[in-house]
Every structure is written in structure tokens, then in C-alpha cells.
Protein chains: 2
Amino acid sequence: MSTIRDVAEAAGVSIATVSRALHGLPRVSEATRQRVLAAAAELRYVASPSAASLASGQTNAVGVVAPFVNRWYFAAIVHSAEERLRKAGYDLLLYSLGTDAQERRRAFSGTLLSKRVDAVLVLGLHPTAEEVAALSALGGPVAIVGAKVPGWASVRIDDEAAARCAVRHLLDLGHRRIGFIGGDDPLQTAMPGARRVGYRAELAAAGLPGHPELEAVGGFTVSGGHAAATRLLRMADPPTALFAASDEMAMGAVQAARHAGVGVPQDLSVIGIDDHEMAELLDLTTVAQPVVAQGVLAAEMILAALHDPDGPLPSVTVPTELVVRGTTGPAPR
Amino acid sequence: MSTIRDVAEAAGVSIATVSRALHGLPRVSEATRQRVLAAAAELRYVASPSAASLASGQTNAVGVVAPFVNRWYFAAIVHSAEERLRKAGYDLLLYSLGTDAQERRRAFSGTLLSKRVDAVLVLGLHPTAEEVAALSALGGPVAIVGAKVPGWASVRIDDEAAARCAVRHLLDLGHRRIGFIGGDDPLQTAMPGARRVGYRAELAAAGLPGHPELEAVGGFTVSGGHAAATRLLRMADPPTALFAASDEMAMGAVQAARHAGVGVPQDLSVIGIDDHEMAELLDLTTVAQPVVAQGVLAAEMILAALHDPDGPLPSVTVPTELVVRGTTGPAPR
DNA sequence: CTGAAAGCGCTTACAG
DNA sequence: CTGAAAGCGCTTACAG
């Protein structure tokens, strides 16, 4: 492990010159630069990130805070963001918090991130006001994917519009008894999620009454969607269509219908949101959202903010698109 | 952002004592320790990782090198390993290299990892001898998941045995014309993968001749599996069963059969390896491998090696299990 | 039990 | 264009 001192000696210059030459700074003669570069290569010199960070105050690392990385949506975004950030010379510190409230608090409190990263990328979490304040207090730019937070850059889809699009598709097919499988339990968060809001709004716009008994919770998982759909299908007057707030839950719903002997789409139409990589395989109708683009965009927002801290804070809404496949069809008469 | 000096002043002690108190080192009186802890909490002090690393020579970070993080297998392992490492106080630096040969070289050359991490976790890559040497030269322990490398700790399944188990299941069902969809192209790597070796060996053990024309390449993706199966099914004398080296390729194969009007499992049996989270949903027969356990085990091997650098280097093979579902059935007569 | 001091390996004004 | 020097914020023997 050679140090900057070894390179300086080998090149016959001071360590200050080595630093300048290696960073491509001006005020180093071309001849000197070449000599330094050659010596560094010869010694396989790699600067110590710790020392550089301590001296410069920059870590050249970005922290990514997500509830999971082992779910399609998160993994896709992390992968694309990492690729973009690595190209720009930034490391990616991953904090995959799970659902543990304590871990979440620890991450947002700054214990985990303070002095460790230049910027933070938050995925799929709706931070509380306190959490927003804590992350902002870190001093670096913050970007969030999947939500909009004042003071932070953001990329997301219009959840409410996506939900309305899905419900509109079911209405257009003649369905009137349309169930909903949400991810979060609105009883716990006090505030219904945007996708649930969209579901209710589109029904109301069609002049249909709300059916609280047709709303279920699926926790954003296949098994949760399965359980929720099973429950809904057992009702005396079951829905003829289900809108799930994610493809994974929609897949579980399709499976539940199969298990219950309910034909899809003859007896039950199912639509999700995402266009999960397995959606085509399962012939699932869905409202597609671009995930790779969101990851790359978020990474670029962070890079821009790092480059120009006083620049504008973009808040981008990326488009969604209805993808009609085989799990939705005309309402049974 | 308070520093250790602020805490020292607030507590009325030296910075050395603050450091010792905060690290729980002996030779600090209980009263002093409490005073320091209180001051640190009051000031919301978080030690600078850069400064600590520079002074101690330890980064308290582990690098994870993987080709992807947006695939079920990798995402599951990264998630479980991260959780385990974070609990032990280690950060996780993620390098998701994609298939780019140059990025791979850069990661293994040490440019990316040198002086940045205390240990490295390699996922799903079969490093060359040079790459092994380069990572070993980093100085820290290395663990690998999915392969066995001399000098490194390792966790994996017995790929050859898993493949033989899958083929044995098909043979037991009476199949004799069994196709194979591999991930890697053996023409490119010169060496056939262990799963291909197992496929051939089990056929040979059953006294069946090899059928090179029944071996295809699917690149470990759904679409690759789809394309490979489509090709095999168009043969004059198509196979009655397909063994895919991963569930994702097997899923593509099932889809290809559906598109081709070939009944599964009446006309074609399909089996994979993994027990992907969607396998149950798709009713896919497979040879299951434990992924979370492999991630946790690898993390613990790293922690053990960090704790005791001269300890033994474990090389664990975790068990696989045949999971029979609906995509395999008796050979058509 | 506690502190003064050296040192980790860089970056960055400041001089020249 | 180049170097000497201060300083980033810690850890860790070494004294006492």
C-alpha cells in the first residue's frame, strides 16, 4: 500500500504537487504531471479515501436509504442509481432498513449517515417532518424517489393519476363493483395513500358510491395480495374487478382467484401498478411506471446538486402508461 | 457538526478520554464515562468516520461486489448480508458492476476498493486467478457466495448435485429427451458450468446418450429462457422436458411453451433451480436453494474473519431441496 | 484513571 | 510552476 509520499519520492516532487497532478489541477507542468502519473501507476498508488475526506471535507459517497432492496422496484432503482453514481466517481452506501422502526429512526437521526456521505437518496419512504429535518440537517443535498418533499429534489409518478387510470380502465370495461388492495393500512397512517385516494376519486367521478368493505390491505407483497383477494372473493356479493396498488399484490390476487376457482378475466378482472418484470410473464394488465429512468434521474439530481448547491431543486413527475394484457376483460353480466 | 474537541470541553476532559469513553474502553472511571456520554448526547456528537479510519486503519465498511443487484438472487443476498453487517456496525459499499468487463476489471484491480473497505463480499462471479490475487492483495478477508475459491471463505450450493437432482426428477417421471437451458455460454468460458456438468452426468448415469443439440443458452434471464425454449420446441424431435439452470429461465420456458401451444406439463415438463419468490405463483417445479441463509452466513464469515484474521476459512455448502409443483409431470407416451 | 503528543495520509491556501 | 506547512478529527501508545 503506497502513500502519496512514496509517489512524491519516486517522481522527485513534493506531495502537494502529486496531489495536484493526480487531480488534474492547473499549475502543474505537463512534464511533471507525466512523471507523477507514471510513478503513481508504477506504484499502483490509490489515494486513501479516509485521508482525502478528512482533508477535503468531502466523502465522495452517497447514502441510499430504502426499506428493502430485495423487491423489484427498489432493486431496479438502486441498481440504476448506483451505476450512474459510480460513473461520476461516487460510492454508494446502502442502508436497507427493513420495516424496523428503530433502524429507521437510527438512519434518519444521522447516526448512520452523519459525516459519512455527501448526499442522500431516499427511496420509497414517506419521511415524517422530523425525519425530513434530520436528513436536511446533514447538510448535503437529498433526493427522494416516490414522494415529494419540500426542500428536496424528487422523482416520482403521479400515484393518484395512475390509480385513476387503472380504475378508469375497469370502469370502461363495464365493471361497477371494483375492489381495492392497498399497500399500507390507512388506519395506521391516518392518511390514505395516494393510490387509494385515486381509486376512490375515480369511482366518485363515475357517480359510484364508495364501498369501504371492498377495500383491503395487502402490504405490497404477493402473499398479502393473495390473502386480501381471498377475503374479498368470499364476500356474499364479491367484486367483479380488483385494482391492486402494486403488481406484486395483483399477482397474489390472480393466484387467489385461481385457487378459489374464479376465472380471470371471465369472472374477475385484476389490474396492478408497476409493470413488474414478471408482469408480462403472468399476462398481467397494469399501469407501467419507468423505474430505471427514475433511478437515473434521481442520481443525476444528486450529482447536479453536489455540483451546484444553489441550483434549483427539481421535482419531476414521470409518466405512467396503461398496459392492457390478459387479466382484465369485460364485466360479467 | 460537533467534534470530539467540543465534547471534551463540555465534559471537562481530554479528547483521548472522550475517545476511550465513547468506545467503551477500560481505564475510564464510571463517573467520567457518564459525563462524556451525556455531553456527546447533548451535542449530538457523531465521530467522523474519515478521521477514525485514518487514525485506526479500519474503515468499518464492507464492499459488496456483484454483477447485479436487480435480480432476485442477488437482491436477496445483498439485503440479508447488509442487515447482518449493519447490526455489527459495518457499512455496506455496493458495487453493482453489470456485465461491463471494464468495470469488472476496475473493481477487481483495487482502484475501487483499495483502502476503502475492511473486507469484501463477492457475489455470483467466478473470478479469474488474477482477480482473486488482486482482491486478496487488498489485505482484508474476502468471502464469496456461489463459488469456492482457495484462500477465501465461501458459501454456496452444490451446483452439480442440484442439477443432477433436477434431471433425476425428470428421469423418474419417465422423460428421456431432456433439454438444458444454461446461463452461460460454455463456448465463451471454455469451461461448462457446474449445472451443465450435472445435467450431462445425470443423463450419462442413466445410460442415456448426450444430446448437444438439446443444450441451449438463456443468459439467466426470463427472455433468454423464452428464446432458448422456443428454439428447442421448434426442433423436429423436440424434448419432452426442459431443465433450466435458473428459475427465471424456466419461467421464460413455460411462457414459450404457452405461446407455442405446448401444454405444460402434459406435453412439456419444466424444472428450474432457485425457488424464486415468484416460483410458487407460477406453480414452477424447482430445486430450492436458501438465499437469505447464504447472505447471512457470508456476512458472519466476514465478521468472524475480521474479528480473528487467523481463524479458519470456512467453506460451507448449503443444502438444496426438490420442490415439486405443477410444471413437471409424467412423460407423454 | 487521565492527558499530552505523535501520527494516520491527504488537501489547500500561502509564499515564492 | 512548485514546495513547506497547517490542518482535517480522530486513535493510540506512552507517561504519569
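The figures here come from the full heavy-atom set of this structure, side chains too, leaving out hydrogens, waters and symmetry mates.
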Check your understanding: Is a side-chain donor or acceptor of A/Glu83 paired with a backbone partner of A/Ser80 at a separation under 3.5 angstrom?
Key -> no

Practice item. Determine the minimum heavy-atom distance between B/Ala40 and B/Val7, stating which atoms define it. Key: N-CG1, 4.0 Å

Check your understanding: Using a cut-off of 4.0 Å on non-hydrogen atoms, how would the nucleic acid contact of B/Ala16 be classed: base, sugar-phosphate, or nothing?
Key -> base

Study note, to complete from the structure: CD1 of A/Ile77 to CG of A/Leu121, rounded to nearest 0.5 Å, is 8.0 Å

Pairs under 3.5 angstrom only: tabulate donor-acceptor contacts from the side chains of residues 134-157 of chain A to other protein residues two or more places apart or in another chain.
residue	atom	partner	partner atom	Å
A/Ser136	OG	A/Val132	O	2.8
A/Ser136	OG	A/Trp152	NE1	3.0
A/Ser154	OG	A/Ser315	OG	3.0

**Study point:** Interatomic distance, B/Leu94 atom CG to A/His79 atom NE2 [nearest 0.5 angstrom]
**Key:** 9.5 Å

For residues 58-70 of chain A, which side-chain donor-acceptor pairs fall under 3.5 Å, sequence neighbours excluded?
residue	atom	partner	partner atom	Å
A/Thr59	OG1	A/Ala61	N	3.2
A/Thr59	OG1	A/Arg116	O	3.4
A/Thr59	OG1	A/Asp118	N	3.1
A/Thr59	OG1	A/Asp118	OD1	2.9

**Study point:** salt bridge (Lys or Arg N to Asp or Glu O under 4.0 Å) contacts in which one or both residues fall within residues 16-37 of chain A, not counting sequence neighbours
**Key:** A/Glu30-A/Arg33

Revision key, fill the gap. Counted 5' to 3', the first and last nucleotides of DNA chain C within 4.0 Å (strictly under) of a heavy-atom of chain A are C/dG9 to C/dA13

Exercise for review: With sequence neighbours left out, write down each residue that passes side-chain hydrogen bond (donor to acceptor under 3.5 Å, both in side chains) with A/Ser14, or none if nothing qualifies.
Suggested key: A/Thr17

Study note, to complete from the structure: By nearest-heavy-atom nucleotide on DNA chain C, the more 5' of B/Lys115 and B/Arg27 is B/Arg27

Exercise for review: Could you tell me which non-hydrogen atom of A/Val46 sits nearest to which non-hydrogen atom of B/Lys115, and how far apart they are?
Suggested key: O-NZ, 2.6 Å

Study note, to complete from the structure: The correct set of residues in residues 30-49 of chain B placing a heavy atom under 4.0 Å from DNA chain C is B/Thr32

Study note, to complete from the structure: The correct set of residues in residues 3-12 of chain B placing a heavy atom under 4.0 Å from DNA chain C is none

Review point. Who pairs with B/Arg5 by side-chain contact (heavy atoms from CB on, under 4.5 Å), at least two apart in sequence or on another chain?
Key: B/Thr3, B/Glu9, B/Ile15

Revision key, fill the gap. Applying side-chain hydrogen bond (donor to acceptor under 3.5 Å, both in side chains) to B/Ser48 and not counting sequence neighbours gives none

Study note, to complete from the structure: For DNA chain C, the expected dot-bracket line (Watson-Crick or G-U under 3.5 Å, [ ] crossing, | inter-strand) is |||.||||||||.|||

Practice item. Not counting sequence neighbours, list each pair that qualifies as a side chain to side chain donor-acceptor pair (under 3.5 Å) and has a residue in residues 290-313 of chain B. Key: B/Arg84-B/Glu300, B/Gln289-B/Gln294

Practice item. Would you please name every residue forming a side-chain hydrogen bond (donor to acceptor under 3.5 Å, both in side chains) with A/Asp6, sequence neighbours left out? Key: none

